[in-house]
There are 2 protein chains.
Amino acid sequence: MLRTLTLTSKDNKKIQEERIREYFIQATKKIIKGEGLKTVNVRNIADEAGYSYATLYNYFKDIKELVFECVKDFQFECEETVNLETKNSRHGLSKIKNITISFMKYFVQYPGIFELFYLEKTSDLGHKHPTIKMIYSFLDQLTEEEWKYCIENKICNQTEAEQKKETLRNLTVGILLFYMNRHTPSSYKEFVAITDRQLNAALY
Amino acid sequence: MLRTLTLTSKDNKKIQEERIREYFIQATKKIIKGEGLKTVNVRNIADEAGYSYATLYNYFKDIKELVFECVKDFQFECEETVNLETKNSRHGLSKIKNITISFMKYFVQYPGIFELFYLEKTSDLGHKHPTIKMIYSFLDQLTEEEWKYCIENKICNQTEAEQKKETLRNLTVGILLFYMNRHTPSSYKEFVAITDRQLNAALY
DNA sequence: TTAATTATATTAACAATGTTAATATAATTA
DNA sequence: TAATTATATTAACATTGTTAATATAATTAA
């Protein structure tokens with residue numbers, strides 16, 4: 001009986017702790033999506049979460065850990081957006097292209113999320129942290145089904161598919177990096193044109 | 001006579017001012033190549049340059065302006081390295097590939113320079129600042145002659161060349177970004193393998 | 001040549017941010 | 001209810017970029 005009570009008490013503690021962590025995570029997400037990563041700091045986050053800034057350190061090792069906790073949620077949101085935008089595409093390379101464009105547009109809409117995924121230093125976050133791998137393979141994950149479709153329907157073979165996945169991964173962040181961080185090209189229109197050209201060259 | 005003296009005096013002032021700017025630039029370059037961009041700060045730079053930190057603001061608007069002053073020199077150094085490493089390559093796509101690999105290896109050797117070129121926020125540095133454009137077209141510049149050769153020798157046409165240049169620009173920074181900033185892949189060996197595969201797919 | 005002026009450099013100070021230490025408050029347990 | 005533990009807050013400190021106030025050096029004018 002006492003043992004049961006102790007366990008329940010521990011469970012409650014975990015749940016409550018997780019709730020407060022979540023308040024901080026939601027606050028951080030709001031700031032990243034709104035004002036961007038540059039205005040994320042412990043005091044702003046704590047204000048938004050309704051706590052003092054030092055409280056944050058009872059729940060997260062440091063601000064970096066907190067910030068990278070947001071990745072999962074953003075990926076989920078991005079995936080939803082992409083699925084919605086591409087659900088009517090016909091299967092195959094064409095859908096892969098549309099998914100990739102939709103994926104890129106998500107980051108253009110939220111520059112702070114782009115910075116978090118690709119530019120933010122990982123610091124103490126271990127280099128083999130699951131989040132890092134999740135970011136790397138995120139586009140693969142979004143297009144997984146379609147590649148399967150392509151291979152099954154002999155549109156391409158496994159090796160070609162792997163090579164093209166790799167190209168898409170690198171090409172997309174390259175284009176985004178120049179556009180978002182170096183303002184090249186200078187117009188959105190041109191960015192879309194480059195993206196289209198480059199995806200065609202990579203996929204077909 | 002008086003007018004001549006005045007002009008000479010003005011010229012001397014310019015020269016002296018430029019010399020001191022150069023001391024700060026050399027100091028900054030040394031830190032970026034050595035300890036990296038993360039340890040670049042006004043106090044470190046001033047120590048290295050032999051001045052007080054506030055003196056820096058007599059010669060540069062802010063630390064960002066100073067840091068981006070280093071780009072030109074690093075590009076020059078990178079170009080020299082690349083030319084040396086590829087001078088015996090046979091002309092054409094093969095040499096373009098080798099130049100690109102050499103270019104990428106330069107950034108792997110100096111992560112701080114990679115950060116400066118592609119990751120560092122430009123802030124007050126105007127978005128149409130010449131440096132930004134220089135960074136964007138740097139690989140084009142390194143490969144310019146070889147593309148000319150390819151077009152003259154009907155290895156590819158102008159349009160194809162432009163598209164492939166664009167691919168190389170984006171692909172290289174994408175691969176470098178994942179490797180340097182997200183430690184993916186985790187080994188240099190694998191990084192080289194990916195680079196080779198991707199350049200082959202892009203060029204041939 | 002010396003006094004006044006201008007240019008240049010330095011120290012002091014401030015603001016922003018991340019983090020930790022000391023203290024206060026709330027919750028839990030004996 | 002008192003003691004203990006857990007949680008939150010305020011105070012404090014370190015680092016960094018930047019500006020203001022002050023000192024020093026160089027130049028110019030008498």
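Predicted model only: the values in this text are computed from it and were never measured. Within every chain, numbering begins at 1; the chains are lettered A, B, ... in the order of the sequence lines, protein sequences first and strands thereafter.
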Participant: With sugar-phosphate meaning primed atoms plus P, OP1 and OP2, does A:Leu56 contact a base, only sugar-phosphate, or nothing at under 4.0 Å between heavy atoms?
Facilitator: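 Contact class for A:Leu56: none.
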Participant: Checking the side chain of A:Asn181 only, and the main-chain atoms of B:Lys121 only, is there a donor and an acceptor separated by less than 3.5 Å?
Facilitator: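 A pair under 3.5 Å: no.
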Participant: Rounded to whole Å, how long is the line connecting atom OH of A:Tyr53 with atom P of C:dA21?
Facilitator: 14 Å
Participant: Checking base pairs now: Watson-Crick or wobble, both atom distances under 3.5 Å. What partners D:dT10?
Facilitator: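 Its partner is C:dA21 (Watson-Crick or G-U wobble, both distances under 3.5 Å).
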Participant: With a 4.0 Å cut-off on heavy atoms, is B:Ile45 in touch with a base, just the backbone sugar-phosphate, or nothing at all?
Facilitator: nothing
Participant: Round to a whole Å and report the spacing from CD1 of A:Ile20 to P of C:dA27.
Facilitator: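 The answer, rounded to whole Å, is 11 Å.
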Participant: Any side-chain donor-acceptor pair under 3.5 Å between B:Thr167 and B:Gln163?
Facilitator: yes
Participant: For the pair made of OH in A:Tyr51 and P in C:dT25, what is the distance, rounded to whole Å?
Facilitator: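 Going from A:Tyr51 (OH) to C:dT25 (P), I get 18 Å.
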Participant: Using the closest heavy atom to pick a nucleotide of DNA chain C for each, name whichever of A:Lys61 or A:Asn44 lands nearer the 5' end.
Facilitator: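 Looking at DNA chain C, the more 5' nearest nucleotide goes with A:Asn44.
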Participant: Less than 4.5 Å apart, any side-chain heavy atom of A:Glu17 and any of A:Asn58?
Facilitator: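 SC-SC contact between A:Glu17 and A:Asn58 ruled out.
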Participant: Is A:Thr55 close enough to D:dT9 that one of its side-chain N or O atoms is under 4.0 Å from OP1 or OP2 there?
Facilitator: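 Checking D:dT9 against A:Thr55, a side-chain N or O does come within under 4.0 Å of OP1 or OP2.
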Participant: Where the side chain of B:Ser52 is concerned, which of D:dG17, C:dT20, C:dT10 is the nearest nucleotide?
Facilitator: C:dT10
Participant: Report the distance from atom CZ of B:Phe60 to atom C1' of C:dA9, rounded to the nearest whole Å.
Facilitator: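 Nearest whole value for this atom pair: 15 Å.
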Participant: Please evaluate the base of C:dA9 for a donor-acceptor partner in the side chain of B:Tyr23 within a cut-off of under 3.5 Å?
Facilitator: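 Not at all, since no donor on one side and acceptor on the other fall under 3.5 Å apart.
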Participant: To the nearest angstrom, how far is B:Asn41 atom CG from D:dT18 atom P?
Facilitator: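 One finds 11 Å between P of D:dT18 and CG of B:Asn41, rounded.
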Participant: Find the partner of C:dA26: check Watson-Crick (N1-N3 plus N6-O4 or O6-N4) and G-U wobble (N1-O2, O6-N3) distances, both under 3.5 Å, and reply none if neither fits.
Facilitator: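 Answer to the pairing question: D:dT5, which forms a Watson-Crick or G-U pair with C:dA26.
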Participant: Is the shortest distance from a Lys or Arg side-chain nitrogen in B:Glu120 or A:Arg182 to a carboxylate oxygen in the other one below 4.0 Å?
Facilitator: no
Participant: Taking only N and O in the side chain of A:Asn58, is any of them less than 4.0 Å away from OP1 or OP2 of D:dT7?
Facilitator: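 For D:dT7, OP1/OP2 do not have a side-chain N/O of A:Asn58 under 4.0 Å.
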Participant: Checking the side chain of B:Glu65 only, and the main-chain atoms of B:Lys61 only, is there a donor and an acceptor separated by less than 3.5 Å?
Facilitator: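 Side chain of B:Glu65 to backbone of B:Lys61: a pair is present.
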Participant: Hey, does the side chain of B:Tyr59 come within less than 4.0 Å of C:dT8's phosphate (OP1/OP2), counting only N and O?
Facilitator: no
Participant: Within this structure, what is the CD1-to-C1' distance between A:Ile63 and C:dA16, rounded to whole angstrom?
Facilitator: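 Taking atom C1' of C:dA16 as the reference, CD1 of A:Ile63 is at 12 Å.
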Participant: Would you mind reading off the distance between B:Asp62 atom CG and D:dG17 atom C1', rounded to a whole angstrom?
Facilitator: 9 Å
Participant: Measure from CZ on A:Arg43 to P on D:dA12 and round the result to the nearest Å.
Facilitator: 14 Å
